[in-house]
Amino acid sequence: GQNIDQPTEMTATEGAIVQINCTYQTSGFNGLFWYQQHAGEAPTFLSYNVLDGLEEKGRFSSFLSRSKGYSYLLLKELQMKDSASYLCAVGGSNDYKLSFGAGTTVTVRA
Amino acid sequence: EAGVTQFPSHSVIEKGQTVTLRCDPISGHDNLYWYRRVMGKEIKFLLHFVKESKQDESGMPNNRFLAERTGGTYSTLKVQPAELEDSGVYFCASSRTNRVVGTEAFFGQGTRLTVV
């Protein structure tokens, strides 16, 4: 089975940094994804980690520790448009299938 | 390049009625996936097509759900008869390769189904 946990909500100030943690226990592992989803819109791909370490892409970075079953998404220099739901997802042993966490709603305040 | 499109964006039906959701994948994507998110829960896998063939339908809730992809292009997901617990957002995704692991999967905006 798959068990993926992430906080339900986070609030931060414009210009600040927010870190969204994700822990997982899955049968098989073929990488960890982060998606961003604005209300009523499609989830859009942000990052992918399959090896331990930090992947940086502009204002967004994602970290993975496979031994700890842990990942985080780091959002820097927060902007109002970053207010959205952030979904942690794991690719399992069948690598065509994603298992998602419930999502973290991030609210950016001025 | 057009993205994954889903129709309708919203549907409200009465318990016992039939609803058909449609997904048009990105052109050239042989792989098509259906996912569902019920209220307050996580997005869950329903099934996977490669062209017109069902590769994995292990996530389909029960036999009231029928997915088709005739001709290997667009796909439909029919719920008949609909029950209250079927309410949720149904997402479609597509990928060129037979691996959603990586960066290849693109999601549609979803169909919000409400059964009353």
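The sequence lines fix the lettering, A, B, ..., with proteins before strands; numbering per chain opens at 1. The structure presented is a predicted model; accordingly, all values stated were derived computationally and were not measured.
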Chemist: Report the C-alpha distance between A:Leu98 and B:Tyr33 in whole Å, list the side-chain angles of each, state the deciding distance to 0.1 Å, and finish with yes or no for side-chain contact (heavy atoms from CB on, under 4.5 Å).
Modeler: CA-CA 10 Å; A:Leu98 290 175; B:Tyr33 317 84; over 6 Å; no
Chemist: For the backbone of A:Ala102 and the side chain of B:Arg37, can you confirm whether one donor and one acceptor N or O come within less than 3.5 Å of each other?
Modeler: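 Flag set: sc B:Arg37 to bb A:Ala102 pair under 3.5 Å.
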Chemist: Verify the neighbour count for atom CD of A:Glu77: are there more than 12 heavy atoms of other residues, nucleotides or ligands below 6.0 Å?
Modeler: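 No, CD of A:Glu77 has 12 or fewer neighbouring heavy atoms, counting only those of other groups under 6.0 Å.
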Chemist: If you tally heavy-atom pairs under 4.5 Å against chain B, which of A:Ser99, A:Ser47, A:Pro43 wins?
Modeler: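 Highest number of heavy-atom pairs under 4.5 Å: A:Pro43.
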Chemist: Should we say atom CZ of A:Arg66 is surrounded by more than 12 heavy atoms from elsewhere, each under 6.0 Å from it?
Modeler: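 For A:Arg66, atom CZ is crowded (more than 12 foreign heavy atoms under 6.0 Å).
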Chemist: With rounding to the nearest 0.5 Å, note down the distance linking CG in A:Asp5 to CD in B:Glu42.
Modeler: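 Output value for this atom pair is 9.5 Å.
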Chemist: Step through the shown structure and confirm whether more than 12 heavy atoms of other residues, nucleotides or ligands are within 6.0 Å of CE on B:Met39.
Modeler: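 Check fails, neighbour count at 12 or below.
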Chemist: Is chain B contacted by the side chain of A:Ile4, its backbone, both, or neither, given a heavy-atom distance below 4.5 Å?
Modeler: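 Neither part.
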Chemist: Does a sphere of radius 6.0 Å around CZ in A:Phe60 hold more than 12 heavy atoms from other residues, nucleotides or ligands, not counting ones at 6.0 Å or beyond?
Modeler: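 Enclosed.
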Chemist: Tell me, side chain or backbone of B:Ser58 under 4.5 Å from chain A's heavy atoms, or both, or neither?
Modeler: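 Side chain only.
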Chemist: May I ask you to check whether over 12 heavy atoms, not counting those of A:Arg109, lie within 6.0 Å of atom CZ?
Modeler: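 Incorrect, the count does not exceed 12.
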Chemist: As an exercise, state the distance from OH of A:Tyr35 to CZ of B:Phe107, rounded to the nearest 0.5 Å.
Modeler: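 A:Tyr35 OH to B:Phe107 CZ: 5.0 Å, rounded to 0.5 Å.
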Chemist: Assess whether side-chain contact (heavy atoms from CB on, under 4.5 Å) is satisfied between A:Phe45 and B:Phe106, documenting all intermediate values.
Modeler: CA-CA 8 Å; A:Phe45 171 82; B:Phe106 299 87; over 6 Å; no
Chemist: Step through the shown structure and confirm whether more than 12 heavy atoms of other residues, nucleotides or ligands are within 6.0 Å of CZ on B:Phe7.
Modeler: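 Check fails, neighbour count at 12 or below.
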Chemist: Could you walk me through whether B:Lys41 and A:Phe100 satisfy the side-chain contact (heavy atoms from CB on, under 4.5 Å) test, starting with their C-alpha distance in whole Å, then the side-chain angles of each, then the deciding distance to 0.1 Å, before giving a yes or no?
Modeler: CA-CA 10 Å; B:Lys41 301 282 188 178; A:Phe100 285 86; over 6 Å; no
Chemist: Could you tell me whether A:Lys76 atom NZ has more than 12 heavy atoms of other residues or ligands within 6.0 Å of it?
Modeler: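 It does: A:Lys76 NZ has more than 12 such atoms within range.
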Chemist: Going from CG on B:Leu46 to NZ on A:Lys97, what distance comes out if it is rounded to the nearest 0.5 angstrom?
Modeler: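 The NZ atom of A:Lys97 is 10.5 Å from CG of B:Leu46, to the nearest 0.5 Å.
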